[in-house]
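Input: a single structure, listed below in structure tokens.
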2 protein chains.
Amino acid sequence: MTAPDQQGSHPPDYDPRAFPPFAVTVDLAVFTLRADRLHVLLIRRGQTPYQGDWALPGGFVRPRESAGGAARRELAEETGLSEATAAHLHLEQLATYSEPDRDPRMRVVSVAYTALGPGLPEPRGGGDAADARWLPYGTQGPLAFDHDAILADAHRRIGAKLEYTCLATAFCPPVFTLGELRGVYEAVWGVELDRPNFRRKVLSTPGFVQAVDGPPKLTGGRGKPAALYRAGGATALHPPLLRP
Amino acid sequence: MTAPDQQGSHPPDYDPRAFPPFAVTVDLAVFTLRADRLHVLLIRRGQTPYQGDWALPGGFVRPRESAGGAARRELAEETGLSEATAAHLHLEQLATYSEPDRDPRMRVVSVAYTALGPGLPEPRGGGDAADARWLPYGTQGPLAFDHDAILADAHRRIGAKLEYTCLATAFCPPVFTLGELRGVYEAVWGVELDRPNFRRKVLSTPGFVQAVDGPPKLTGGRGKPAALYRAGGATALHPPLLRP
DNA sequence: TCCTTAAGAGTCACCCTGACTATAAATGCC
DNA sequence: GGCATTTATAGTCAGGGTGACTCTTAAGGA
């Protein structure tokens, strides 16, 4: 369906021409890894309602724009990254939230998106609102509106997608070590993984990662230097890498 | 986000008070099993545009209704089932489709839902539009609007969820045989599964199915009578039942 | 030099799975 | 009543994937 027909099954009290007007927005659950911890991008509200509370970044969908387009635009604005850089971030539709009273001011339907990226810089570049900041996931207090539910859904979704897709590489820079990749799983799942087993699994999955040829190694601070890899072409993970 | 603040990062040409009005609808991809084949519920459009074409059932979200509520209401109306019966069908949000020109008449954002049920009766009960019918999945021609994409997404989603959830029981009546359950997988995936292996997998997964106690057996037409089961309490499938 | 840390190689047992065989219990056709 | 057909159910067996573990290598720091 899009616009239903004039005739049809609608109750007599309902005139499709006078379709109820909705505002449509996008909300962004942007995740990144900073210092081996999962962080979320939050903004502090400068207006009532929920003034002073933290909330997910987002904004209106414009008249000639798709929700995905709006999400990508807001992502660039709110993270302060260049449009070109932001265009490389993994962006994925999560779900749509439409409870009638989720915004006390008016009827707003919001399409939520999840975005992932490697260690992103502090926000603020976009010249954005009062306060925007990366907070370690789990340390944020109650968020405005239904954003707690959205954020929890987003976290659940990426945790699940790590199991059966190659999504983890979206958290990594173009070239990374297997230790960094493992750090993604550990940060999102909140567990420790066995190093050798993780390595075996990743390397035995065709197309998950791809060894970087010439420059042999590099150090991550301490320990033996690690080989470098880039994301392979694969998108699915068969068989999956199940959570312990 | 819901309604963004008045101040903030929005470009100067954009006044949040004059938020762009959208129509919000729901579209339903309703699947059922009829004669061991996967069927989809489609309606024939009686109006331009796409007059005479098949389309997914759906309709407007009402002013004080959530999208999920609208989907459940439309589901009852379009399938012709009682509200009580329709309330038992598995209903799940799929995704939101928002390309600006997906409906040539006006700006419509549609939240798509997937619904599943055991062999459902012929539609029409709802006193609905011109023509509503179950069509074997795959035999439908091009659908109106972007409904081909929605339907394909829905089919991909349920195929994937069969792998790592107990969703298959949603296609079955309250009491069913393992043969019927296997038929769900075969119809959705379009493959044949090994009977003994499927049985072993299902029975060894705690909470997937639950043997029906007293009444021992029953026949499905030919062959040895099969034991009866009902859905267990489990929702996830660990480890998953992967597609061949 | 020794300790710590992390990468990377390798082993072993167990579980799950795919492939396959065999038996039981119903129907329908000679 | 035989007999083929169909489906359910039981059981076997080999191979792959995984968890748990050990060991070696290569860096940095005290």
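Throughout, protein chains are lettered first and strands after them, A, B, ... in sequence-line order, and every chain is numbered starting at 1.
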query: Considering all heavy atoms of both residues, which atom of B:Leu41 and which atom of B:Pro57 are nearest to each other, and what is their separation?
result: O-CD, 3.3 Å
query: How close or far is atom P of C:dG18 from atom CD of B:Glu192, stated in whole angstroms?
result: 15 Å
message: I want to check one thing: is the phosphate of D:dT6, taken as OP1 and OP2, less than 4.0 Å away from some side-chain N or O of B:Lys224?
response: no
query: Do side-chain atoms of B:Asp146 reach the backbone of B:Ala149 as a donor and acceptor pair under 3.5 angstrom?
result: no
query: Under 3.5 Å, is there a donor-acceptor pair between the side chain of B:Arg34 and the main chain of B:Gly119?
result: no
Expected rows: protein N/O vs nucleotides 1-5 of chain D N/O, under 3.5 Å:
none

message: So, using salt bridge (Lys or Arg N to Asp or Glu O under 4.0 Å) as the criterion, who are the partners of A:Asp53 when residues are at least two apart?
response: none
- prompt: Hey, does the side chain of A:Arg72 reach the backbone of A:Ala86 with a donor-acceptor pair shorter than 3.5 angstrom?
  reply: yes
field: Donor-acceptor contact present, side-chain A:Tyr113 to main-chain A:Val26, <3.5 Å
entry: no
statement: Rounded to whole Å, CG of A:Leu242 lies from P of D:dG16 at a distance of 19 Å
task: Would you write the dot-bracket representation of DNA chain C, where each base gets (, ), [, ], | or . depending on whether it forms a Watson-Crick or G-U pair under 3.5 Å and with which partner?
output: ||||||||||||||||||||||||||||||
- line: salt bridge (Lys or Arg N to Asp or Glu O under 4.0 Å) filter on A:Glu163, not counting sequence neighbours, yields A:Arg243
- prompt: Would you find a donor on one side and an acceptor on the other, under 3.5 Å apart, between the side chain of A:His39 and the backbone of A:Val30?
  reply: no
Atom-to-atom span, CZ of B:Arg182 to C1' of D:dT7 - whole angstrom: 8 Å
- prompt: Considering residues at least two apart in sequence or located in another chain, which fulfil the side-chain contact (heavy atoms from CB on, under 4.5 Å) criterion with A:Lys201?
  reply: A:Thr205, A:Pro239, A:Leu241
- prompt: Which residues, if any, of residues 193-200 of chain A bring a heavy atom under 4.0 Å of DNA chain D?
  reply: A:Asp194, A:Pro196, A:Asn197, A:Arg200
- prompt: Any side-chain N or O of A:Lys201 less than 4.0 Å from the OP1 or OP2 oxygen of D:dG17?
  reply: no
task: Could you state the atom-to-atom distance from OH of B:Tyr164 to C1' of C:dC16 in whole Å?
output: 21 Å
- request: Round to the nearest Å and state the distance from A:His238 atom NE2 to C:dC16 atom P.
  value: 19 Å
- line: A:Arg243 CZ to D:dT18 P, in whole Å, measures 16 Å
More than 12 heavy atoms from other groups under 6.0 Å of CZ on B:Arg182: yes
query: Is a side-chain donor or acceptor of A:Thr32 paired with a backbone partner of A:Pro118 at a separation under 3.5 angstrom?
result: yes
- prompt: Nearest-Å distance, CZ (B:Phe176) to P (D:dT7)?
  reply: 19 Å
